[in-house]
2 protein chains.
Amino acid sequence: MTKETEERLARSWEIFRKFLITKDLRVTGQRRSIFKAIFALPDHFTAEDLLERARKIDETVSRATIYRSLPLLNESGIVREVDVGHDSKFYAVNRRSENFKAQVICVDCDKIFEVDAPFMEWYGKTVSENLALDVKSQRLQVHAECPGKREEKTCPKGN
Amino acid sequence: MTKETEERLARSWEIFRKFLITKDLRVTGQRRSIFKAIFALPDHFTAEDLLERARKIDETVSRATIYRSLPLLNESGIVREVDVGHDSKFYAVNRRSENFKAQVICVDCDKIFEVDAPFMEWYGKTVSENLALDVKSQRLQVHAECPGKREEKTCPKGN
DNA sequence: GTGCTTGCAAAGACTTTGCAAACTT
DNA sequence: AAGTTTGCAAAGTCTTTGCAAGCAC
């Protein structure tokens, strides 16, 4: 683990810890283990992925605690939900100062790629102004197929 | 029911009927009843809504048949899925020659409003060109709150 | 008659929850 | 000590599926 990664992790943990304290919640071992596990996972993961990884760190972590923790991690901004509609929800680490991201979901290999969609900020404003609504969140998803790649099961960004 | 509505319904039914025949599927009473029920429902409905309505037309319609019919109705273009991520899927009648629609989901009352988002066509093309992907579908959803309306539980477009 | 369809109830996938024991503060 | 959190297993929600009887063609 690089020094930068370590520092980022420490900063994130500090954020989550304070979030818990502010909400009068306890800083437990399981919450800490789940937090750590997130940063050892690939970009997008499910509750089940997280359970599996967290148990490698602390075998007492249960599925229930994973499901009880994910809303907290989301609320605190550590992760963000990426709901692609089918099956279970995905989660991703929420990197600070990120532009708005759209998800490109490959119908061949089911992988999720995140691409910048800066115009969504403008779109949010447009909705706010025209409909007099207070925009809370937006999502933009594109389901696409890699032409000619279906047979080989290879994807543009390399599997 | 106006004459135009009746005609539209007849045209849609013809489309669905031909779809079934082409696929070597049977034109059954239940499928017909489910088809009819769709047009007696509000803009957005769930499988359960459809079951309830269809049973008023034909009490032999079962939940299983609803779930087995919805993919056919979607494939044939009669309805389109509107997946808002939480709970169950919604469906909407797919009116011909519609522009691309974004969904504005009110966090106060959970209602779904569809608004034109013509620029999404351009966005799809951009993705196709830049990433060399064949775009199959897109969705754009905005979760928003009506400021000051929370207490009254009233929403911008009435109810 | 052949083969798709149906309703039923059971199974499935994913998530939530009640409870008593264990832990944080 | 007080009040939160935990794991477990059971319950819940939405959807799918196996099966034998029934229907469309």
Side-chain angles (χ1 to χ4, degrees), chain A residues 13 16-37 44-76 79 81-91 110, chain B residues 13-14 16-37 44-76 79 81-91 110 112:
Chain A
W13 171 249
F16 188 47
R17 211 176 59 81
K18 279 179 185 151
F19 170 86
L20 291 174
I21 293 170
T22 307
K23 289 236 160 186
D24 257 315
L25 302 173
R26 273 84 205 260
V27 181
T28 66
Q30 286 89 341
R31 280 174 181 160
R32 168 109 224 207
S33 304
I34 291 168
F35 173 88
K36 279 193 206 157
H44 296 89
F45 56 88
T46 63
E48 202 61 28
D49 296 335
L50 183 53
L51 173 62
E52 200 182 323
R53 199 68 191 63
R55 278 190 164 155
K56 287 189 184 159
I57 297 170
D58 173 356
E59 60 173 18
T60 76
V61 172
S62 73
R63 185 169 283 103
T65 300
I66 294 285
Y67 278 107
R68 285 191 274 233
S69 297
L70 280 168
L72 299 175
L73 289 156
N74 186 47
E75 249 192 280
S76 66
V79 303
E81 283 186 16
V82 180
D83 197 316
V84 300
H86 310 304
D87 310 317
S88 42
K89 276 180 191 159
F90 283 84
Y91 295 85
D110 271 343
Chain B
W13 171 248
E14 216 29 48
F16 188 47
R17 212 176 59 80
K18 279 178 184 151
F19 170 86
L20 291 174
I21 293 169
T22 307
K23 289 234 162 191
D24 256 314
L25 301 173
R26 273 83 206 260
V27 180
T28 66
Q30 286 91 339
R31 281 175 180 160
R32 168 110 224 204
S33 303
I34 291 169
F35 172 88
K36 278 194 207 157
H44 296 90
F45 56 89
T46 63
E48 202 60 28
D49 296 336
L50 183 53
L51 173 63
E52 199 182 322
R53 200 68 191 65
R55 278 191 164 152
K56 287 189 184 157
I57 297 169
D58 174 355
E59 60 174 17
T60 75
V61 173
S62 74
R63 187 169 282 104
T65 300
I66 295 285
Y67 278 106
R68 286 190 273 234
S69 297
L70 280 169
L72 299 175
L73 289 156
N74 186 47
E75 249 192 279
S76 65
V79 303
E81 284 185 16
V82 180
D83 197 318
V84 299
H86 310 303
D87 309 317
S88 42
K89 276 181 190 157
F90 283 84
Y91 294 85
D110 272 343
I112 304 167

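Proteins get letters first, then strands, A, B, ... in listed order; numbering begins at 1 in each. Every value quoted in this text rests on a predicted model; they were computed, and no experiment measured them.
Residues satisfying the salt bridge (charged side-chain N to carboxylate O under 4.0 Å, His left out) criterion with Arg68(A), sequence neighbours excluded, are absent altogether. Residues passing the side-chain contact (heavy atoms from CB on, under 4.5 Å) test with Asp58(A) are Gln30(A), Ser33(A), Thr60(A), Val61(A), sequence neighbours excluded. With sequence neighbours excluded, the residues that form a salt bridge (charged side-chain N to carboxylate O under 4.0 Å, His left out) with Arg63(B) are Glu48(B). Listed by chain and number, the residues in a salt bridge (charged side-chain N to carboxylate O under 4.0 Å, His left out) with Glu14(B) are Arg17(B) (sequence neighbours excluded). Not counting sequence neighbours, Lys18(A) has no partner by the salt bridge (charged side-chain N to carboxylate O under 4.0 Å, His left out) test. Partners of Glu81(A) according to the side-chain contact (heavy atoms from CB on, under 4.5 Å) rule, which considers only residues two or more places apart in sequence or in another chain, are Asn74(A), Lys89(A), Tyr91(A).
Of the residues in residues 53-63 of chain A, Thr60(A), Val61(A), Ser62(A) come within less than 4.0 Å of DNA chain D through at least one heavy atom, sorted by number.
Straight-line distance from the CD1 atom of Ile66(B) to the C1' atom of dT16(D): 15 Å, rounded to whole Å.
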I'd like a list of close polar pairs between nucleotides 20-25 of chain D and the protein, N/O only, cut-off under 3.5 Å.
{"from": "dC25(D)", "atom 1": "OP1", "to": "Val27(B)", "atom 2": "N", "distance (Å)": "3.4"}

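Applying the salt bridge (charged side-chain N to carboxylate O under 4.0 Å, His left out) test to every pair with at least one member in residues 22-34 of chain B, sequence neighbours left out, gives these pairs: Lys23(B)-Glu75(B).
The Ala47(A) side chain lies nearest to dT15(C) when the options are dT17(D), dT15(D), dT15(C). Taking every side-chain heavy atom of Arg68(A) into account, dT6(D) is the closest of dT5(C), dT6(D), dA9(D).
Distances shorter than 4.0 Å separate some side-chain N or O of Tyr67(A) from OP1 or OP2 on dT15(C).
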